[in-house]
Peer 1: 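The structure's right below; bear with me while I get my questions together.
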Amino acid sequence: MNSPNPTHNAHAQSWVTSANVAGCDFPIQNLPFSVFRRAGSNEAFRGGVAIGDQVIDMAQVARTACLDGLAQAAAENCARPALNDFFAMGPKAWKALRHSLFELLEKAFYGPKVDALRGCLIPQSEVEFTVPTAMGDYTDFYTSIDHARNIGKMIRPDDPVSSNFQWMPIAYHGRVSSIGVSGQSFRRPMGQAMPPGASAPVYGPCARLDYELELGVYIGQGNAQGEPIALADAEPHIFGICLLNDWSARDIQFWEMAPLGPFLGKNFCTTISPWIVTMEALEPYRQAWNRPANEPQPLAYLDSPSNRAQGALDISLEVLLETDKLRAEGKGPARLSGTSFKHQYWSVAQMVTHHTMGGCNLRSGDLLGSGTISGPGEGEAGAMIELTYGGSKPMPLGNGETRGFLQDGDAVILRGWCEKHGYARIGFGESKGIILPAIGK
């Protein structure tokens, strides 16, 4: 973990004027990464960095004389169709590139290198994105105690939280092939479910389709098989964070999860935001990670002074729902809930450490899901099943519609941002996914 540096200066502004607009997700203090190309073209996908309403074409940067040394080598790896090789270079290279771009983008900076960088900008409105890494694996965690309690009360009212939850970050291995970027549309899944009171399951389209508000964590440098990552060493293995929607077919999920974990209830779609906000950009928004004294304390391998001091991240999050009717009426999406990642029971570093304790080797570009992010207050639940108590108390959307679970045509939008007195506001963009009718009925 690092101390704030000049890239966190709240007063810094860019010659890209859109980056200086209040409320902008991508000011000069952010500089998140993605993989893109011009929309509708046959161009190769390549790495990009957001500044205001523009994207810096890193393939073009690599061909100019903007950068030198380690920053230039990093830019060359960013010019590729996936960011894995750039991630594998490690924190020194990540910092060199980000700091060099920051310097060239500053308002007071001028000269031939700035002129060359100006020629590398493309409006974000003219591009399309793809999944930014060649993912070898995707693991989804279950790390919000408020989510666990809310779900558990519906299933096991007398014992809502499983005995292992407070001792380790629980997870399951997800499906890489169905991960897509914001704007993704997908078919309502088919599957088996056991209706209440029935003696045999039925096959058909999911009747209890849900979203899960999560963050995605990208592994920067991996570890060798059989060599665990200690908690004190976990942070340098993390490149950055995106938004993640772990779509969930609740009726299919609850029927199949005895005795093993999620399968068809989860593997049909996961939607991520295209932009990866670096851990360095998130540094000012760290907070102390606390565990109530009357609850089990982490085992030694999951505990450290640095994690206690600043293992939590205060990332504000919200979920919005856009229905066919709202679109037809020309109205904006309805807000369903909002919370902060700071409430999560296990930190990102603890997830990485626990993942490797048995000898598992993480690889550059792998993705971890944080698990549903729910807060302790009313309206802070990160899934519809919590907000509507299993669909029994549908939510009003403000236009006469209600939702117990999601319907065909619905679009779920996740948004995230960080703000703190004395620092610039930085954002994550959005993750948006649209539900299409099932096929194969």
Peer 1: Got Arg363 and Met135 here, is their nearest side-chain heavy-atom distance under 4.5 Å?
Peer 2: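 In short, these two side chains do not touch, never coming nearer than 4.5 Å.
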Peer 1: Would you name the heavy atoms of Ile252 and Gly265 that are closest together and state the gap between them?
Peer 2: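 So the minimum-distance heavy-atom pair works out to CG2-N, 3.8 Å.
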Peer 1: With a sphere of 6.0 Å drawn around CG of Asn294, does it hold more than 12 non-hydrogen atoms of other residues, nucleotides or ligands?
Peer 2: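 It does: Asn294 CG has more than 12 such atoms within range.
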Peer 1: In Å, rounded to the nearest 0.5 Å, how long is the span from CD of Gln124 to CD of Gln54?
Peer 2: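 It is 7.5 Å, given to the nearest 0.5 Å.
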Peer 1: If we count only N and O atoms by modelled type, under 3.5 Å, do the side chains of Asn164 and Ser162 hold a donor and an acceptor together?
Peer 2: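 Yes, because at least one side-chain N or O of Asn164 sits under 3.5 Å from a partner of the opposite role on Ser162.
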Peer 1: Please report the shortest heavy-atom distance between Met357 and Ile229, naming the atom on each side.
Peer 2: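 Smallest heavy-atom distance, with atoms named: CE-O, 3.5 Å.
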Peer 1: Do Phe263 and Tyr172 have ring centres separated by under 6.0 Å?
Peer 2: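 Centroid distance Phe263-Tyr172: not below 6.0 Å, so no.
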Peer 1: Salt bridge or not between Lys153 and Glu386? Use side-chain N to carboxylate O under 4.0 Å.
Peer 2: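 Looking at Glu386 together with Lys153, the answer is no, because their closest N to O distance does not fall below 4.0 Å.
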Peer 1: Going from CG on Leu320 to CG on Leu414, what distance comes out if it is rounded to the nearest 0.5 angstrom?
Peer 2: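 Going from the CG atom of Leu320 to the CG atom of Leu414 covers 8.5 Å.
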Peer 1: Quiz question: by atom type and distance under 3.5 Å, do the side chains of Gln221 and Ser364 form a donor-acceptor pair?
Peer 2: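 No pair is found: no donor N or O on one side chain lies under 3.5 Å from an acceptor on the other.
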Peer 1: Check whether the side chains of Ser304 and Ser306 place a donor and an acceptor atom closer than 3.5 Å, and report yes or no.
Peer 2: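 A donor-acceptor contact under 3.5 Å links the two side chains.
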Peer 1: Measure from NZ or CZ of Arg250 to the centre of the six-membered ring of Phe405 and say whether it is under 6.0 Å with the direction within 45° of the ring axis.
Peer 2: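 Because its charged atom misses either the 6.0 Å distance or the 45° angle limit, Arg250 does not stack over Phe405.
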Peer 1: Is it true that the side chains of Ser182 and Glu430 contain a donor and an acceptor less than 3.5 Å apart?
Peer 2: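 No pair is found: no donor N or O on one side chain lies under 3.5 Å from an acceptor on the other.
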Peer 1: Do Phe26 and Ile51 pass the side chain to side chain contact (heavy atoms under 4.5 Å, CB included) test, and can you show the C-alpha distance, the side-chain angles, and the key distance before you say yes or no?
Peer 2: CA-CA 5 Å; Phe26 308 125; Ile51 179 70; 5.9 Å; no
Peer 1: So that I know where these two stand, are Trp247 and Phe268 an aromatic pair - ring centroids less than 6.0 Å apart?
Peer 2: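 Between Trp247 and Phe268, the centre distance exceeds or equals 6.0 Å.
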Peer 1: Hey, what do you get for CG (Asp137) to CG (Leu367), rounding to the nearest 0.5 Å?
Peer 2: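 Those atoms lie 10.5 Å apart.
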Peer 1: Taking Arg291 first and then Asp303, would you say they form a salt bridge - that is, a charged N and a carboxylate O separated by under 4.0 Å?
Peer 2: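 Not counted as a salt bridge, because no side-chain N and carboxylate O are separated by less than 4.0 Å.
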Peer 1: Is a donor on one side and an acceptor on the other found under 3.5 Å between the side chain of Lys325 and the backbone of Glu401?
Peer 2: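 Absent.
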Peer 1: Considering only NZ, NE, NH1 and NH2 on the basic side and carboxylate oxygens on the acidic side, decide whether Arg156 and Asp159 come within less than 4.0 Å.
Peer 2: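 Salt bridge flag = no for Asp159 with Arg156.
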Peer 1: Can you name the nearest heavy-atom pair linking Ala381 to Ser337, along with the distance?
Peer 2: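 Closest approach of Ala381 to Ser337, heavy atoms only: O-OG, 2.8 Å.
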Peer 1: Decide whether His355 and Thr139 meet the rule of one side-chain donor and one side-chain acceptor closer than 3.5 Å.
Peer 2: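 Result is yes, a qualifying pair exists.
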Peer 1: Just how far is it from atom OG1 of Thr7 to atom CG of Leu31, taken to the nearest 0.5 Å?
Peer 2: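 Those atoms lie 8.0 Å apart.
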Peer 1: Are the side chains of Ile315 and Val277 in contact, using a 4.5 Å heavy-atom criterion?
Peer 2: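 A side-chain contact is absent here, since even the closest heavy-atom pair is not under 4.5 Å.
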Peer 1: Among Phe36, Phe129, Trp417, Phe33, whose ring-ring contact (aromatic ring centres under 6.0 Å, His included) with Trp275 holds?
Peer 2: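 Answer to the ring-ring contact (aromatic ring centres under 6.0 Å, His included) test with Trp275 among Phe36, Phe129, Trp417, Phe33: Phe129.
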Peer 1: Side chain to side chain contact (heavy atoms under 4.5 Å, CB included) with Ile238: which of Val217, Leu368, Leu282?
Peer 2: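 Only one option passes, and that is Val217.
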Peer 1: When the aromatic ring centroids of Phe87 and Phe239 are compared, is their separation below 6.0 Å?
Peer 2: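 Close enough - the centres of the two rings lie under 6.0 Å apart.
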Peer 1: Salt-bridge test for Glu126 and Arg37: reply yes if a basic N is under 4.0 Å from a carboxylate O, no otherwise.
Peer 2: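 A salt bridge is absent here (no side-chain N lies under 4.0 Å from a carboxylate O).
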Peer 1: Taking atom CZ of Arg187 as the centre, report whether more than 12 heavy atoms of other residues, nucleotides or ligands fall under 6.0 Å from it.
Peer 2: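 Yes.
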Peer 1: Check the side chains of His354 and Tyr301 for a donor-acceptor pair under 3.5 angstrom, ignoring hydrogens and angles.
Peer 2: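 Side chains of Tyr301 and His354: pair found under 3.5 Å.
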Peer 1: Of the non-hydrogen atoms in Ser340 and Ile373, which two are nearest, and what is the gap between them?
Peer 2: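 The answer is O-CG2, 3.9 Å.
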Peer 1: Taking atom types as modelled, is there a side-chain donor on Glu380 or Ser374 under 3.5 Å from an acceptor on the other?
Peer 2: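 No, no side-chain donor-acceptor contact under 3.5 Å.
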Peer 1: Please check if any side-chain donor atom of Ser18 sits under 3.5 Å from a side-chain acceptor atom of Asp53, or the reverse.
Peer 2: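 Asp53 and Ser18 do have a side-chain donor-acceptor pair below 3.5 Å.
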Peer 1: Between Ser370 and Val348, is the side chain to side chain contact (heavy atoms under 4.5 Å, CB included) condition met? List the steps.
Peer 2: CA-CA 8 Å; Ser370 66; Val348 173; over 6 Å; no
Peer 1: Assess the residue pair Ile272 and Ser431 against the criterion (side chain to side chain contact (heavy atoms under 4.5 Å, CB included)); give the C-alpha distance rounded to whole Å, side-chain angles, the decisive distance to 0.1 Å, and a yes or no.
Peer 2: CA-CA 6 Å; Ile272 57 176; Ser431 167; 5.6 Å; no
Peer 1: Can you give me the closest heavy-atom contact between Asp25 and Arg425, atom names plus distance?
Peer 2: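 So the two residues come closest at OD1-NH1, 2.8 Å.
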Peer 1: Is there a donor-acceptor contact under 3.5 Å linking the side chains of Ser347 and Gln350?
Peer 2: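 Indeed, the side chains of Ser347 and Gln350 share at least one donor-acceptor pair under 3.5 Å.
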Peer 1: Counting C-beta onward and ignoring hydrogens, is there a side-chain heavy-atom pair between Phe428 and Ile276 closer than 4.5 Å?
Peer 2: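 The answer is no; the side chains never approach within 4.5 Å.
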Peer 1: How far does CG of Leu244 sit from OG of Ser273, to the nearest 0.5 angstrom?
Peer 2: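 With rounding to 0.5 Å, CG (Leu244) is 8.0 Å from OG (Ser273).
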Peer 1: Please determine whether side chain to side chain contact (heavy atoms under 4.5 Å, CB included) holds for the pair Leu321 and Arg403, giving the CA-CA distance in whole Å, both sets of side-chain angles, and the decisive distance to 0.1 Å.
Peer 2: CA-CA 10 Å; Leu321 179 64; Arg403 285 292 185 276; 3.7 Å; yes
Peer 1: Which residue in the set Glu318, Arg335, Lys432 passes side chain to side chain contact (heavy atoms under 4.5 Å, CB included) when paired with Arg415?
Peer 2: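 Considering Glu318, Arg335, Lys432, a side chain to side chain contact (heavy atoms under 4.5 Å, CB included) with Arg415 is found only for Glu318.
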Peer 1: The test is side chain to side chain donor-acceptor pair (under 3.5 Å); show your working for Tyr345 and Glu295 and say whether it passes.
Peer 2: CA-CA 11 Å; Tyr345 203 72; Glu295 295 185 6; 2.6 Å; yes
Peer 1: Nearest 0.5 angstrom please: Ser178 OG to Tyr138 OH, how far?
Peer 2: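 The distance works out to 8.5 Å.
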